[in-house]
2 protein chains.
Amino acid sequence: MGSIAPSPAEIDASVVKITRSTNLRDVPLPGSPEELSHSYCTDHMVTVRWTAGNGWETPEVRPFENLSVPPTASCLHYATECFEGMKVYRGYDGKLRLFRPDCNGERLVSSAQRTSLPAFKFEELKVLIAKLMQIDGPRWLPKDQPGRFLYLRPAMIGNGPHLGVQTPKEALLFIIAVPWPDPSKKKPEQAGGQHGLKLLASHPDSIRAWPGGFGYAKLGANYGPSLVAHGKAQAIGFDQVLWLFGEDRQVTEAGASNFFVVWENKQSGKLELVTAPLENQLILPGVTRRSVLELARTRLNQSCGKLAPVEVVERDFTIGDVHEAWKEGRIVEAFVCGTAYFVTPVKLIRNDDVDMNMLDAGAERAGYAAQIKSWLEAIMFGKDGAEAHEWGYVIEGESQK
Amino acid sequence: MGSIAPSPAEIDASVVKITRSTNLRDVPLPGSPEELSHSYCTDHMVTVRWTAGNGWETPEVRPFENLSVPPTASCLHYATECFEGMKVYRGYDGKLRLFRPDCNGERLVSSAQRTSLPAFKFEELKVLIAKLMQIDGPRWLPKDQPGRFLYLRPAMIGNGPHLGVQTPKEALLFIIAVPWPDPSKKKPEQAGGQHGLKLLASHPDSIRAWPGGFGYAKLGANYGPSLVAHGKAQAIGFDQVLWLFGEDRQVTEAGASNFFVVWENKQSGKLELVTAPLENQLILPGVTRRSVLELARTRLNQSCGKLAPVEVVERDFTIGDVHEAWKEGRIVEAFVCGTAYFVTPVKLIRNDDVDMNMLDAGAERAGYAAQIKSWLEAIMFGKDGAEAHEWGYVIEGESQK
């Protein structure tokens, strides 16, 4: 009789092993150096170990600590690593919520597979996060402080000790939670402050992604090589690079966020909300991007307060198109969106030597970004009748300790 | 009087701090499971810490151990990481040698800067390696076993705790030494065994590098995303992917090595040694590649034993050119080269559904790869009159303990 090898185990978040920290850290105040450092985490973290032979091991919630990584580990040499950016929100109804966590779970699996890391049942990601926040939520996002959030960073790395260039045989999924400055509370002179972002269009000698590459996956490999251009842009006063692609200089995405413009269509004269498409796999399929598109399609297809209806379009457009619209006064507004920057207006775009002011031209007709942001905030923070919106995932069972 | 801020410190390998291991490991036998695992390192490692404020700290040679990495570290999320592949050789004259280590030092600095990591004085790399091998050389490469080598892996990572997407503020340069299987001792049926490598030409839906990208830098970001295609190729019996680029399907490089072909030029009828050029920055500027070209230009420009003279050419060529030459019987031989694979013949290339046998067609005229390999080996292992070749860097002062 032949024996049948058991299939490698799946992640089962329901059986998580919990080890509580006995040395709780101070919770940093909003705006404190600890918060601004983006390096100060909550008391616990989630880890789930995987091996090619046995699959996923029992998930753990355990005290936050440094990882012990072999100097030969794949993630340190071959960038076998991917991540997600999420937030957990303390609602005005006192509840903790995630925003569309299954979208992040699905994308994390897609990213992992693009860099040869293991898949898992994506629905488990939100449950693992819930287990973490049941413990850290009450202290780090007190119930009496609605409107606050923590940044969540699920990540997967190839951490086995095999130095050969090959598919990782061991991996670690981990989740950490980080107090993060609130972009809506920034001072006007700070990046993303009320005056909006300044974007520097990329030079043709540096591109972020290419067809047949991995621009659509949230891989570390998309970030490290972009930091030189990002650093140069910041050094001359810009917040983000606006990444262009191809000889026609298509507008793809801005730094670590998706880019939108509202303009008057040159041919039809109608208002359009435009963003780059997903089909050519150059840009990240942002969860906020998708939500902006869905809200715009369902709620902005008719007049909304002072806002005229817009047509919502995902298609290629070039920096030349933006320039032409700007010269002709057809720009209404531009904004970026993503988890880190949420929905933030764009103040200025510099392309070659031309500075295009995005705020003034269409100011009378603008307000789409602000409207969409407000709808999203209502869902994230459980207010204005959006307490039970299907995009909000409520974390029940917060610890009483 | 104003004070002048001191410049950040440079690496000074002459002042290395040495902490010896008190728990020496067994040296694995050639061909043992430990050696084949590519994960078993020598007793010590080099580490040099860098911070944006103070520059490079005192280098250390210390007992090999896992690294303690913050879960928020840049290298785990944004692939701020680069590396080199080198070897240290035990010569037939009893000496330890590196092969052109300044070339690796220069490239490591170039790679680091492409991903926003700090530069250093590249000449120090070889001295740091010497310090490591002065201690580990005698046990791990015994003097009475000439012809053996260790694989060396210098690497740099962004290991500070700041999770924001930004230029790393902390970094670690480390060097480890790993017993590695000798490719020339592989069995015929193993990858790179005497029958040569089987290469699978890449599909247009998967592209390794792009102009304006970072294909020329030895970044982790070039490797992780290539592992899916590599794994698929291995699953159907191939050793490496032959990466093509562009609509005309230019031949760029093979897996983790550079690709060469010797053929009869269609127009002139003369023999040529051809490889992809560096100018478009798509391929890695291999140290072995460069050495192959230099030896071929200086020693193969006239008849050499049974080998006819060849013209040495770096230029774009396509898989269609290779196919045409193969159909017309103009292929003499093909090979790949790099530190890991050294100089290894290519047995077969599959492109779409066509299998091109590279070994038989030109067998009578072949032998260039073997000749070049033999010249290189003489330099690396200090034999055949190449004991004092300028490409060999002798490590003096091996520990007597």
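Note that the structure is a prediction, hence the values are computed from the model and not measured. Chain identifiers are assigned alphabetically (A, B, ...) following the order of the sequence lines, protein sequences preceding nucleic acid strands; residue numbering begins at 1 within each chain. Heavy-atom basis, side chains included; hydrogens, waters and symmetry copies ignored.
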* Any donor-acceptor pair under 3.5 Å linking the side chain of B/T115 with the backbone of A/G224? -> yes
* Asked: In terms of heavy-atom proximity below 4.5 Å to chain A, should B/L163 be classed as side chain, backbone, both, or neither?
  -> both
* Looking at B/T167, B/I157, B/L76, which has the largest count of heavy-atom pairs under 4.5 Å with chain A? -> B/L76
* Of all the heavy-atom pairs spanning A/Q113 and B/V228, show the shortest one and how long it is. => O-CG2, 3.2 Å
* Structure fact -> The interface call for A/M156 against chain B, heavy-atom contacts under 4.5 Å, is neither
* To do: Side chain from CB out, backbone as N, CA, C, O: work out which of these in A/H230 comes under 4.5 Å of a heavy atom of chain B, or both, or neither.
  => side chain
* Mind telling me whether B/H77 and A/F83 have parallel, tilted or perpendicular rings, with 30° and 60° as the class edges? => perpendicular
* Structure fact -> One option among B/T80, B/V69, B/V165 has the most heavy-atom pairs under 4.5 Å with chain A, and it is B/V69
* Would you give the length of the straight line joining atom OH of A/Y223 to atom OG of B/S116, rounded to the nearest 0.5 angstrom? => 15.5 Å
* **Smallest separation among heavy atoms of B/A221 and A/A79, with atom names** => N-CB, 3.7 Å
* **Structural part of B/E65 lying under 4.5 Å from a heavy atom of chain A** => backbone
* Identify the two heavy atoms, one from B/S39 and one from A/P161, that lie closest to each other, and give their separation to 0.1 Å. => CB-O, 2.7 Å
* Close side-chain approach of B/W210 to A/F245, heavy-atom, < 4.5 Å -> yes
* Contacting region of A/V178 [heavy-atom separation from chain B under 4.5 Å] -> side chain
* Side chain, backbone, both or neither: which part of B/R153 has a non-hydrogen atom closer than 4.5 Å to chain A? -> side chain
* To do: Heavy-atom distances under 4.5 Å only: say whether B/L67 touches chain A with side chain, backbone, both or neither.
  => both
* Do other residues, nucleotides or ligands put more than 12 heavy atoms under 6.0 Å from B/K87 NZ? -> yes
* To do: Could you check if a side-chain atom of A/N66 sits within less than 4.5 angstrom of a side-chain atom of B/P71, using non-hydrogen atoms only?
  => yes
* Asked: So which of A/S206, A/G231, A/S37, A/A256 has the biggest tally of heavy-atom pairs under 4.5 Å with chain B?
  -> A/S206
* **Residue pair B/P211 / A/I207: nearest heavy atoms and the distance that separates them** => O-CD1, 3.4 Å
* To do: Could you tell me which portion of B/Y40 (side chain, backbone, both or neither) has an atom closer than 4.5 angstrom to a non-hydrogen atom of chain A?
  => neither
* Value rounded to 0.5 Å, distance of OG1 in A/T72 from OH in B/Y151 -> 12.0 Å
* Asked: Non-hydrogen atoms of chain A under 4.5 Å away: do they reach the side chain of B/A217, the backbone, both or neither?
  -> neither
